[in-house]
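Comments concern the structure below.
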2 protein chains.
Amino acid sequence: MPTLSEENYLKAIFHLGYGHSDGVSTNAIAYKMDTKASSATDMVKKLAEKQLVNYKKYQGAKLTEQGRQAAVAVIRKHRLWETFLVEKLNFSWDEVHQVAEQLEHVESEKLIDELDAYLDFPKFDPHGHPIPDKNGHIHKTEKLKLSQAPIPNTYICVGVNDSSAEFLQYLDKIGIALGTPIKVLSKEVFDESLTISIGGGQVHISKLVASNLYVNFNH
Amino acid sequence: MPTLSEENYLKAIFHLGYGHSDGVSTNAIAYKMDTKASSATDMVKKLAEKQLVNYKKYQGAKLTEQGRQAAVAVIRKHRLWETFLVEKLNFSWDEVHQVAEQLEHVESEKLIDELDAYLDFPKFDPHGHPIPDKNGHIHKTEKLKLSQAPIPNTYICVGVNDSSAEFLQYLDKIGIALGTPIKVLSKEVFDESLTISIGGGQVHISKLVASNLYVNFNH
DNA sequence: ATTTATTTTTAGGGTTGACTAAATAATTCT
DNA sequence: AGAATTATTTAGTCAACCCTAAAAATAAAT
Ligand SMILES: [Mn+2]
Ligand SMILES: [Mn+2]
Ligand SMILES: [Mn+2]
Ligand SMILES: [Mn+2]
């Protein structure tokens with residue numbers, strides 16, 4: 001079994017490599033893990049020895065199938081715990097990440113299976129992220145970044161890209177939660193900021209904010 | 001904050017020193033922690049530096065008030081998690097210890113407070129052990145070891161001293177759970193084994209078993 | 001095509017928490 | 001008391017994971 005630290009690296013490599021076919025650079029890993037490039041190199045070597053990643057010097061790391069399974073298992077635990085915290089323990093969506101970051105490393109297959117059942121097999125976590133199933137399969141859903149959505153149109157917020165407390169609290173403040181209808185009124189050509197309407201009120205959001213919001217068509 | 005390893009040592013010292021007024025020997029700590037005496041000495045020194053224990057060479061370790069608070073906080077978390085696993089996730093009392101051993105180290109005050117509330121502020125864990133409150137106070141209850149209980153008489157099982165899976169599964173097998181009435185019929189003078197009656201059936205248990213069972217008068 | 005800048009790796013350490021083996025203190029036995 | 005046994009500490013290593021500084025490789029700029 002991977003150590004706690006290895007699990008965190010695997011998760012980082014998974015997220016950084018998602019969608020891309022080339023290796024994840026040690027620099028990118030180090031940045032995401034809030035550590036130094038030399039530490040990332042060391043860890044990547046260790047993961048390679050354990051057959052969890054493929055690694056060639058100067059070419060970055062790519063998860064093996066075994067590594068992907070391990071990464072997805074941790075992500076599954078992370079998202080189930082986040083769901084538990086919000087659904088059962090009155091946590092808000094901006095409070096769960098830090099705690100789930102610890103809970104995700106608890107080792108017990110029964111624990112996670114029972115938790116899954118207790119939560120009634122949720123498909124998405126409190127940030128709209130899909131919860132991988134027991135076999136490591138991640139259900140793909142249609143969604144697009146609000147920054148790339150055609151306007152004018154009305155969408156439904158289905159997820160966030162950034163799960164930081166700062167961003168989520170900002171969304172709380174302007175009245176956006178999962179399921180909130182967002183009517184996009186106009187886009188400023190200069191900075192691609194958007195004027196949107198939420199529950200009657202009108203709000204102006206930056207491109208950065210819009211690019212961290214996932215929406216779906218309101219069909 | 002204590003590290004994970006320090007927390008485990010603090011807990012061990014708390015349990016070993018419970019009731020006794022002299023220091024806990026490094027040997028005893030090592031045995032309980034399943035490690036070597038030299039490792040225990042190292043750790044005790046570190047805990048002493050952090051003011052969590054008082055330690056003088058060759059005189060064992062005693063928790064300071066600060067150390068006791070830290071130990072009890074971990075025990076509180078351990079027992080709340082065990083309760084959660086049994087009450088909500090269909091774990092049996094012989095399956096919870098190992099998992100709680102990991103969960104007890106998750107750091108989040110809100111988590112443990114909410115868990116406490118979610119479980120409706122339980123007073124005892126699945127093994128009949130008292131759950132310390134938020135202030136570190138442990139509610140004392142009357143109880144005695146079945147091996148020391150006057151006979152003949154009828155008692156109620158209120159707890160176990162040994163929480164190992166082997167012992168708990170043995171109790172399952174002979175039909176003893178928390179709350180089970182136990183009628184003690186006779187004690188063998190030779191080995192102090194007991195003949196008891198549980199729900200109609202008659203069972204013979206060793207002194208060792210009886211000394212690991214806590215009972216209360218059936219009043 | 002060089003030179004310059006950036007990225008990545010290597011070399012050398014530090015810390016935590018283990019271990020073995022050896023030394024020393026405390027205890028028990030005769 | 002003196003000797004033998006046991007308990008405890010010290011000394012010296014080790015592995016995991018991190019660090020800084022320097023070297024080497026790659027990428028970018030002139
Ligand atoms: Mn983590
Ligand atoms: Mn999430
Ligand atoms: Mn533990
Ligand atoms: Mn217990």
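We use all heavy atoms of the structure for the numbers below, so side chains are in, but hydrogens, waters and symmetry mates are not. Computed from a predicted model, the values in this text were never measured in an experiment. Proteins get letters first, then strands, A, B, ... in listed order; numbering begins at 1 in each.
Between the side chains of A:His105 and A:Asn8, at least one donor N or O sits under 3.5 Å from an acceptor N or O.
For the pair B:Glu6 CD and C:dT16 P, the interatomic distance rounds to 9 Å; values are reported in whole Å. With rounding to whole Å, B:Gln59 atom CD is found 14 Å from D:dT9 atom C1'. Per the geometry, CG belonging to A:Asn27 stands 9 Å off C1' belonging to C:dT6, to the nearest Å. Taking atom CG of residue A:Asp42 and atom P of nucleotide C:dT8, one finds them 15 Å apart after rounding to whole Å. Look at CE on A:Met43: it is 10 Å from C1' on D:dC18, rounded to the nearest Å. When the C1' atom of C:dT9 is taken as reference, atom OH of A:Tyr55 falls 7 Å away, rounded to whole Å. Summarising the geometry, the separation between CD on B:Glu7 and P on C:dT16 is reported as 16 Å, rounded to the nearest angstrom.
Taking the six-membered ring for Trp and thresholds of 30 and 60 degrees, A:Phe84 and A:Trp81 have ring planes more than 60 degrees apart, a perpendicular arrangement.
Contact annotation for A:Lys56: no contact, since no heavy-atom pair falls under 4.0 Å across all strands. Heavy atoms of A:Tyr31 sit nowhere under 4.0 angstrom from any nucleic acid atom. A:Thr26 comes within 4.0 angstrom of the backbone, heavy atoms only, and of no base. Among the atoms of the strands shown, base atoms are found under 4.0 Å from some heavy atom of B:Thr41.
A ring-centre distance under 6.0 Å is found for A:His97 and A:His78.
For A:Tyr58, no side-chain nitrogen or oxygen approaches OP1 or OP2 of C:dT10 to under 4.0 Å. At the phosphate of C:dT16, neither OP1 nor OP2 sits under 4.0 Å from any side-chain N or O atom of B:Ser5. Side-chain N/O atoms of B:Thr35 include none lying less than 4.0 angstrom from OP1 or OP2 on C:dA18. Residue B:Ser38 places no side-chain N or O under 4.0 Å from the OP1 or OP2 atom of D:dT10. For D:dT8, neither phosphate oxygen OP1 nor OP2 lies less than 4.0 angstrom from any side-chain nitrogen or oxygen of B:Lys36.
Residue-to-nucleotide proximity on DNA chain D shows that, of A:Asp34 and B:Lys57, the 5′-proximal contact is made by B:Lys57.
Among C:dA18, D:dA7, C:dT9, the nucleotide with an atom closest to any side-chain atom of B:Tyr9 is C:dA18.
If you take CD on B:Gln66 and CG on B:Leu10, they are separated by 9.5 Å, rounding to the nearest 0.5 Å.
A salt bridge links B:Lys50 with B:Glu6: the distance from a Lys NZ or Arg NE/NH1/NH2 to an Asp or Glu carboxylate oxygen falls below 4.0 Å.
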